Asker: 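Below is a structure I'd like to ask you about.
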Amino acid sequence: MTSYSVLPVGPGFTILATWSCQWSDLSTKVTTLNDYDQASLLAAALTQLSENAWDGSAWLDTAPAIEAGISTVIEHLRGTAEVIPLIPLSADPSARHTEQWSFTDTHDLLTTDLPENLTKLRRTQRLTIADELATDAAARAEVLARVRTGLDPESETSRGWQLCEITRAERNGLTGELPEAGAGWIVRGWGPYLVSPTERWAARDRLLRLEQLAAACEARGGSAETDIDPLHAHLVLPGHDDLAGGQVYVVTVHEDVGNPQDTDPSAPMIVLNESSGTDREVLGKLDPGDDDGFAALLGDWTRLVPFRL
């Protein structure tokens, strides 16, 4: 979510970091290089890395691997070795989302262009880039800790205000399916008026629960899909021999048909039974983090895939 640009200053080219605050964008100087092509290539790579990390931190189970890769980059920049090595990402073998764009693109970036660009830097330039990457990572960690307790960023100038937004340069989250398009689904599901990170995080929890239930249903041998309008997951569990005669459940975000843009993103999710031969039955209303509640209403198969708050 932090984008990096190049500003000509005298004979040099300064790389600026820019992010969205509570009320406006804010920029700060990162470092200055003598060559425009080198500066622009480095700015593009840093933008790519930051936006993937911010997107992954909200939506992907592989986010820890992305952060670990960035930490390794920082260590090498602060070290004394002449060459910055390739840094492949290593996700937990049980983690989902290893095929999602923000993870695979970060892996490609850290094993191709970025180490080469960083190797060309002088010692002082390496240290300023390391400090910038560390600042960006610390902002992610801080806002994640706060929104999980219902708090927005403490400072008006925090980078955390851009959490769960469509990214500004790479446009991560704009199109596609969950989870990679989660930021876009927030806008389409609740409108563009969720201005605080805590509101967007509440919407994020509901979208990821839909995505998790669909994955768990498929792990059980069923058929599942998530849809944007209205926001819901359609879950078909197998019968004795196949999907015919199985249980059909729908989990929705909004009570009314469609996606009303004035609803509370913290409202409970609605669990419906739509099995053949029965009227649509409301089984209950649950908070997205209620693992026990979903298991009680739908069955223990809902635990086959973990849900990450």
Side-chain angles (χ1 to χ4, degrees), residues 1-9 13-33 39-60 63-64 66-67 69-71 73-74 77 101-103 105-106 109-110 114 117-118 125-148 151-174 180-184 186-187 192-204:
M1 298 286 276
T2 303
S3 62
Y4 298 84
S5 57
V6 178
L7 176 68
V9 179
F13 300 90
T14 295
I15 295 178
L16 302 177
T18 301
W19 62 92
S20 297
C21 304
Q22 185 174 12
W23 306 114
S24 65
D25 287 355
L26 187 66
S27 297
T28 188
K29 174 184 174 181
V30 178
T31 193
T32 299
L33 284 72
S40 61
L41 288 173
L42 181 58
L46 292 175
T47 297
Q48 192 176 346
L49 181 63
S50 177
E51 297 197 347
N52 286 343
W54 277 96
D55 182 64
S57 69
W59 302 103
L60 304 186
I66 295 175
E67 295 296 348
I70 293 174
S71 294
V73 172
I74 294 170
L77 286 169
W101 171 258
S102 290
F103 177 78
D105 191 51
T106 301
L109 181 65
L110 296 185
L114 187 58
N117 292 334
L118 295 176
Q125 294 168 335
R126 290 188 180 193
L127 293 176
T128 57
I129 295 295
D131 289 346
E132 168 57 27
L133 292 177
T135 297
D136 207 43
R140 285 191 295 276
E142 179 184 14
V143 72
L144 289 172
R146 290 185 66 84
V147 296
R148 286 178 171 132
L151 298 174
D152 280 329
E154 188 172 10
S155 170
E156 293 181 356
T157 61
S158 169
R159 302 186 189 202
W161 289 100
Q162 54 197 356
L163 184 68
C164 294
E165 292 269 33
I166 297 169
T167 67
R168 56 192 303 138
E170 300 293 320
R171 313 308 289 167
N172 293 15
L174 182 60
E180 68 179 1
I186 288 178
V187 176
Y193 311 113
L194 302 187
V195 296
S196 80
T198 51
E199 289 178 322
R200 293 193 298 272
W201 192 259
R204 169 264 186 199

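This one's a predicted model, so the numbers in the text were calculated from it and none came from an experiment.
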Asker: Once rounded to the nearest 0.5 Å, what's the spacing between atom CD1 of Ile66 and atom CG of Leu60?
Answerer: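 Reported to 0.5 Å precision, the distance equals 5.5 Å.
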Asker: Can you measure from CG (Leu118) to CZ (Arg126) and round to the nearest 0.5 angstrom?
Answerer: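 Between Leu118 CG and Arg126 CZ, I get 7.5 Å after rounding to 0.5 Å.
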Asker: Just verifying a value: how many Å separate Ile15 CD1 and Thr31 OG1, rounded to the nearest 0.5 Å?
Answerer: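 The OG1 atom of Thr31 is 6.5 Å from CD1 of Ile15, to the nearest 0.5 Å.
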Asker: Minimum heavy-atom separation for Thr167 to Asn172, with atom names?
Answerer: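 Shortest heavy-atom contact: OG1-N, 2.7 Å.
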Asker: Atom OG1 of Thr18 and atom CE of Met1: how far apart are they, to the nearest 0.5 Å?
Answerer: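 Here the interatomic distance stands at 13.0 Å.
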Asker: Yes or no on side chain to side chain contact (heavy atoms under 4.5 Å, CB included) for Ile129 and Val73, after CA distance, side-chain angles and deciding distance?
Answerer: CA-CA 10 Å; Ile129 295 295; Val73 172; over 6 Å; no
Asker: For the CG atom of Leu42 and the CD atom of Gln125, what is their distance to the nearest 0.5 Å?
Answerer: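 Here the interatomic distance stands at 9.0 Å.
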Asker: Using side-chain heavy atoms (C-beta onward) and a distance below 4.5 Å, is Leu49 in contact with Leu110?
Answerer: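 The answer is yes; the side chains approach within 4.5 Å.
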Asker: Short question: side chain of Thr47, backbone of Tyr4 - any donor-acceptor pair under 3.5 Å?
Answerer: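 A pair under 3.5 Å: yes.
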Asker: Shortest non-hydrogen contact from Leu16 to Val30?
Answerer: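 Of all heavy-atom pairs spanning Leu16 and Val30, the closest is C-CG2, 4.2 Å.
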Asker: Is any side-chain heavy atom of Arg146 less than 4.5 Å from a side-chain heavy atom of Asp152?
Answerer: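 Answer no - side chains too far apart.
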Asker: One pair to check against side chain to side chain contact (heavy atoms under 4.5 Å, CB included): Trp54 and Asp136. What are the steps and the verdict?
Answerer: CA-CA 9 Å; Trp54 277 96; Asp136 207 43; 3.3 Å; yes
Asker: Please name the residue in the list Glu132, Glu165, Glu142, Glu51 that meets the salt bridge (charged side-chain N to carboxylate O under 4.0 Å, His left out) test with Arg159.
Answerer: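 The residue from Glu132, Glu165, Glu142, Glu51 that satisfies salt bridge (charged side-chain N to carboxylate O under 4.0 Å, His left out) with Arg159 turns out to be Glu132.
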Asker: Using a 3.5 Å distance criterion without hydrogens, assess whether the side chain of Ser20 forms a donor-acceptor pair with backbone atoms of Gln162.
Answerer: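 Side chain of Ser20 to backbone of Gln162, a donor-acceptor pair under 3.5 Å: no, none is there.
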Asker: Verify whether one side chain among Glu170 and Asn52 offers a donor that lies under 3.5 Å from an acceptor in the other.
Answerer: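 The answer is no; no qualifying pair exists.
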Asker: Looking only at heavy atoms, what is the nearest atom pair of Pro197 and Gly160, with distance?
Answerer: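 Scanning both residues completely, I find the closest heavy atoms to be CG-O, 3.4 Å.
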Asker: Is a side-chain donor or acceptor of Arg200 paired with a backbone partner of Ala183 at a separation under 3.5 angstrom?
Answerer: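 Looks like no, no N/O pair under 3.5 Å.
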Asker: Nearest 0.5 Å, what's the CG-CG distance between Leu144 and Leu163?
Answerer: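 Here the rounded value is 6.0 Å.
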Asker: For the side chain of Glu67 and the backbone of Ala63, is there at least one donor-acceptor N/O pair under 3.5 Å apart?
Answerer: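 No, because the side chain of Glu67 does not come within donor-acceptor range (under 3.5 Å) of the backbone of Ala63.
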Asker: Strictly by modelled atom types, are Thr14 and Thr32 linked by a side-chain donor-acceptor pair under 3.5 Å?
Answerer: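 A donor-acceptor contact under 3.5 Å links the two side chains.
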Asker: Show the numbers, then the answer: is there a side chain to side chain contact (heavy atoms under 4.5 Å, CB included) between Thr28 and Trp19?
Answerer: CA-CA 9 Å; Thr28 188; Trp19 62 92; 3.7 Å; yes
Asker: I would like to know whether Ser57 and Arg140 meet side-chain hydrogen bond (donor to acceptor under 3.5 Å, both in side chains); could you show each step before the answer?
Answerer: CA-CA 7 Å; Ser57 69; Arg140 285 191 295 276; 5.2 Å; no
Asker: Between Glu180 and Trp59, is the side chain to side chain contact (heavy atoms under 4.5 Å, CB included) condition met? List the steps.
Answerer: CA-CA 7 Å; Glu180 68 179 1; Trp59 302 103; over 6 Å; no
